[in-house]
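Contents: one structure, followed by commentary.
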Amino acid sequence: MTENAPLAPLVWFKAGGAAQWLFEPADVNDLRDFLGPLAPDVPVMALGLGSNLIVRDGGVAGVVVRLGKPFAHVRAIDTATLECGGGASGVLVSSTARDHGIAGLEFLRSIPGTVGGFVRMNGGAYGHEVKDVLVDCDVVTRSGDLVTVSAADLGFSYRHSDLTDGAIVVAARFRGVPGEATVIQAEMDRIAAAREASQPLRSKTGGSTFKNPAGHKAWELVDAAGCRGLTLGGAQVSEKHTNFLINTGAATGAQIEALGELVRDKVRTAMGVDLEWEIRRVGMPGPHFPNNNSGEA
């Protein structure tokens with residue numbers, strides 16, 4: 001448990017304020033024991049790899065729970081199914097699937113996040129979504145209970161699930177189909193090459209900024225509205241992929257979010273389409289999180 005913990009080093013944008021408290025549980029029971037007696041009015045937010053996140057400069061009140069190495073495990077439980085910890089990356093999941101001859105999970109390699117994050121938001125890429133391969137997941141609720149929820153009960157839609165705020169995905173089962181490791185690797189290589197060619201992977205970014213509206217691609221709308229390369233302070237719309245915002249150096253969380261809103265305004269005016277944020281924006285505006293030594297979280 002760390003008080004007033006900087007979050008910028010933990011998120012891809014490398015910007016934003018601190019967490020009032022940062023908790024890194026040792027295991028599932030540690031997380032349950034912590035959340036159970038925690039006052040119900042204390043906000044709780046899970047943090048994975050920090051790829052799909054703008055942290056506002058005033059910081060995040062309450063507790064940010066970061067699932068680290070104890071939750072980064074993946075194992076095969078039969079010839080087509082993997083059990084994965086909530087802190088495991090998409091790359092680790094897809095690579096383990098390849099090693100066990102399980103096809104159909106290659107697309108997870110391209111989702112820059114952890115199991116907990118892409119289950120919560122029904123992450124997807126290259127024509128596939130988590131809902132297509134998820135069997136069920138283990139969730140620690142805000143009250144500290146451990147429950148297993150089937151994919152059918154998660155209310156999945158485009159980049160959305162019905163998981164409540166404060167609920168943390170600690171494990172999930174994904175099912176593919178038996179396949180050949182060489183064929184699986186070839187598909188992973190194809191996906192990796194496509195991402196490298198089209199996305200600013202070596203920049204400080206947050207992944208796809210806006211959801212694709214029905215019948216449109218967000219990047220095409222942003223480009224058509226004249227926003228390619230648009231800057232605000234240290235934030236910029238990527239020249240390489242216009243649905244990515246990047247931190248060119250010392251952008252603040254406020255600058256990144258404001259640039260996104262400017263892009264939304266320009267697309268609305270020029271194209272008549274209201275873009276919806278895909279990146280989560282959390283915390284409070286302001287230069288810093290106020291010091292709070294009034295008691296324990």
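Small disclaimer: the values here were computed from a predicted structure and weren't measured.
- Here ring-ring contact (aromatic ring centres under 6.0 Å, His included) pairs that include residues 52-96, with residues two or more places apart or in two chains, number zero.
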Note to self: Using side-chain contact (heavy atoms from CB on, under 4.5 Å), reason through Met45 and Val282 one step at a time and then give a plain yes or no.
What the structure shows: CA-CA 9 Å; Met45 185 192 89; Val282 301; 3.7 Å; yes
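- Residues Leu154 and Cys137 have side chains in contact (heavy-atom distance under 4.5 Å, counting atoms from C-beta outward).
- Contact between Val93 and Ala88 at its shortest, heavy atoms only, is CG2-CB, 4.3 Å.
- Arg32 meets the salt bridge (Lys or Arg N to Asp or Glu O under 4.0 Å) test with no other residue; sequence neighbours excluded.
- Within 6.0 Å of CD on Glu261 lie more than 12 heavy atoms contributed by other residues, nucleotides or ligands.
- Rounding to the nearest 0.5 angstrom, the gap separating the CZ atom in Arg75 from the SG atom in Cys84 is 10.0 Å.
- In terms of modelled atom types and a separation under 3.5 Å, the side chain of His128 and the main chain of Gly124 share no donor-acceptor contact.
- A heavy-atom distance below 4.5 Å is not found between the side chains of Thr141 and Thr164.
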Output side-chain donor-acceptor pairs under 3.5 Å for residues 181-188, partner residues at least two apart or in another chain, one line each.
| unit_1 | atom_1 | unit_2 | atom_2 | d |
| --- | --- | --- | --- | --- |
| Gln185 | OE1 | Arg98 | NH1 | 2.5 |
| Gln185 | NE2 | Asp189 | OD1 | 2.7 |
| Glu187 | OE1 | Arg190 | NE | 3.0 |
| Glu187 | OE2 | Arg190 | NH2 | 2.9 |

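- The stretch residues 161-177 participates, sequence neighbours left out, in these salt bridge (Lys or Arg N to Asp or Glu O under 4.0 Å) pairs: Glu83-Arg173, Asp136-Arg173, Asp138-Arg173.
- Thr231 places no side-chain N or O within donor-acceptor distance of the main-chain N or O of Ala235, the cut-off being under 3.5 Å.
- In this structure, a donor-acceptor pair under 3.5 Å is absent between the side chains of Asp99 and Thr96.
- There is a path of hydrophobic side-chain contacts, each under 4.5 Å, that joins Val119 to Val147.
- For residues 219-229, the salt bridge (Lys or Arg N to Asp or Glu O under 4.0 Å) pairs, not counting sequence neighbours, are Asp223-Arg228.
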Note to self: side-chain contact (heavy atoms from CB on, under 4.5 Å) for Phe13 and Ile279? Distances and angles first, verdict last.
What the structure shows: CA-CA 11 Å; Phe13 271 123; Ile279 287 178; 4.0 Å; yes
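- When all heavy atoms are compared, the tightest approach of Gly283 to Val60 is CA-CG2, 4.0 Å.
- The ring-ring contact (aromatic ring centres under 6.0 Å, His included) pairs that include a residue from residues 134-172 number zero, where partners must be two or more places apart or lie in different chains.
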Check: Taking it one step at a time, do Ser51 and Leu53 satisfy side-chain contact (heavy atoms from CB on, under 4.5 Å)?
Finding: CA-CA 6 Å; Ser51 57; Leu53 202 63; over 6 Å; no
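- Note on residues 33-51: no pairs pass salt bridge (Lys or Arg N to Asp or Glu O under 4.0 Å), not counting sequence neighbours.
- Taking each heavy atom of Leu7 and Ala19 in turn, the nearest pair found is CG-N, 3.7 Å.
- Of the possible polar contacts, none joining the Gln255 side chain to the Gly233 backbone as a donor-acceptor pair under 3.5 Å is found.
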Next item on the list: Please lay out, stage by stage, how Thr209 and Glu278 fare under the test side-chain contact (heavy atoms from CB on, under 4.5 Å).
Entry: CA-CA 5 Å; Thr209 305; Glu278 181 171 322; over 6 Å; no
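- Thr2 contributes no side-chain N or O that, together with a main-chain N or O of Ala5, makes up a donor-acceptor pair within less than 3.5 Å.
- Under the 4.5 Å side-chain criterion, counting only non-hydrogen atoms from C-beta, Arg120 is not in contact with Arg159.
- The hydrophobic clustering, which links ILVMFWY residues whose side-chain heavy atoms are closer than 4.5 Å, places Val63 and Val170 together.
- Between Ala172 and Leu134, the shortest heavy-atom distance links the atoms CB-CD1, 3.8 Å.
- Put simply, the side chain of Pro200 reaches to within 4.5 Å of the side chain of Ile246, judged on heavy atoms.
- Hydrophobic clustering, with ILVMFWY side chains joined whenever heavy atoms are under 4.5 angstrom apart, keeps Phe118 apart from Tyr126.
- Between the side chain of Ser94 and the main chain of Val91, a donor-acceptor pair closer than 3.5 Å is present.
- At distances below 3.5 Å, not a single donor-acceptor pair connects side-chain atoms of Asp30 with backbone N or O atoms of Pro25.
- The environment of NZ in Lys266 is sparse: at most 12 heavy-atom neighbours from other residues, nucleotides or ligands sit within 6.0 Å.
- Every pair tested for side-chain hydrogen bond (donor to acceptor under 3.5 Å, both in side chains) that includes a residue from residues 236-254 fails, sequence neighbours excluded, so the list is empty.
- Counting only heavy atoms from C-beta outward, the side chains of Lys204 and Lys14 approach each other to under 4.5 Å.
- Counting all heavy atoms, side chain and backbone alike, Ala18 lies closest to Asn4 at CB-OD1, 3.5 Å.
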Kindly list each side-chain donor-acceptor pair under 3.5 angstrom involving residues 101-110, sequence neighbours excluded, with atom names and distances?
| unit_1 | atom_1 | unit_2 | atom_2 | d |
| --- | --- | --- | --- | --- |
| Glu106 | OE1 | Gly104 | N | 2.8 |
| Ser110 | OG | Phe107 | O | 2.7 |

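- Residues Leu22 and Met1 are not in side-chain contact: their nearest non-hydrogen atoms beyond the backbone lie 4.5 Å or more apart.
- Hydrophobic clustering (side-chain heavy atoms under 4.5 Å, transitive across Ile, Leu, Val, Met, Phe, Trp, Tyr) groups Phe34 together with Trp21.
- For the residue pair Gly85 and Val115, the shortest heavy atom distance occurs at O-CB, 3.4 Å.
- Panel note: side chain Gln20, backbone Ala61; no donor-acceptor pair is recorded below 3.5 Å.
- Annotation: salt bridge (Lys or Arg N to Asp or Glu O under 4.0 Å) contacts of Lys131 (sequence neighbours excluded): Glu129.
- For Phe210, the ring-ring contact (aromatic ring centres under 6.0 Å, His included) partners two or more places apart in sequence, or in a different chain, are Trp277.
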Considering only distance and modelled atom types, tabulate donor-acceptor pairs under 3.5 Å from the side chains of residues 269-276, sequence neighbours left out.
| unit_1 | atom_1 | unit_2 | atom_2 | d |
| --- | --- | --- | --- | --- |
| Thr269 | OG1 | Asp265 | O | 3.0 |
| Asp274 | OD1 | Arg264 | NH2 | 3.0 |
| Asp274 | OD1 | Arg268 | NH2 | 3.0 |
| Glu276 | OE2 | Lys211 | NZ | 3.0 |

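- In this structure, the side chains of Ser143 and Leu35 stay at 4.5 Å or more apart for every pair of heavy atoms.
- Checking each of Val139, Leu67, Val140 against Val169 for a side-chain contact (heavy atoms from CB on, under 4.5 Å) leaves exactly one that passes, namely Val139.
- Two residues are said to be in side-chain contact when any heavy atoms from C-beta on lie closer than 4.5 Å; Ile77 and Leu82 fail this criterion.
- Linking ILVMFWY residues whenever their side-chain heavy atoms come closer than 4.5 Å, directly or via other members, leaves Leu245 and Leu49 in distinct clusters.
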